[in-house]
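As structure tokens, the structure follows; a few thoughts come after it.
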Amino acid sequence: MERIPQHSHCQICGKAIPYGEIVCSDECREKYEALVKKRKMYIYIMYGALALLMLMFVLMYL
Ligand SMILES: [Zn+2]
């Protein structure tokens with residue numbers, strides 16, 4: 001079995017890429033950035049919903 005030097009895999013298509021890289025091509029980079037943006041959006045929405053819930057609790061006890 002051939003020893004493979006330390007490497008990563010493309011986060012989008014899974015292709016082997018040099019260690020430290022995230023994606024293999026510009027196409028995959030675009031897809032990856034869109035994915036990250038979407039994930040960030042979900043996190044903001046979650047924090048927003050949590051803040052709203054806390055605000056509701058505070059208002060209920062006032
Ligand atoms: Zn790729």
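Any value given below was found using the heavy atoms of this structure, including those in side chains, with hydrogens, waters and symmetry copies removed. Just so you know, ligand 1 is whichever comes first in the structure, and atom 1 is the first atom listed for that ligand.
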How about Met41: does its CE atom have over 12 heavy atoms from other parts shown lying under 6.0 Å from it? no

Are Met54 and Leu62 linked, directly or through intermediate hydrophobic residues, by side-chain heavy-atom contacts shorter than 4.5 Å (ILVMFWY only)? no

Protein N/O/S atoms closer than 2.8 Å to the Zn ion (ligand 1): Cys10 SG, Cys13 SG, Cys24 SG, Cys28 SG

Kindly give the heavy-atom pair with the smallest separation between Gly20 and Ser8, and that separation in Å. N-OG, 3.5 Å

Is there a path of hydrophobic side-chain contacts, each under 4.5 Å between heavy atoms of I, L, V, M, F, W or Y residues, that connects Ile22 with Val36? yes

Taking all heavy atoms of Val23 and all of Cys10, pick out the closest pair and write down the distance. CA-SG, 3.8 Å

Please state whether the rings of His7 and His9 are parallel, tilted or perpendicular, taking 30° and 60° as the class boundaries. perpendicular

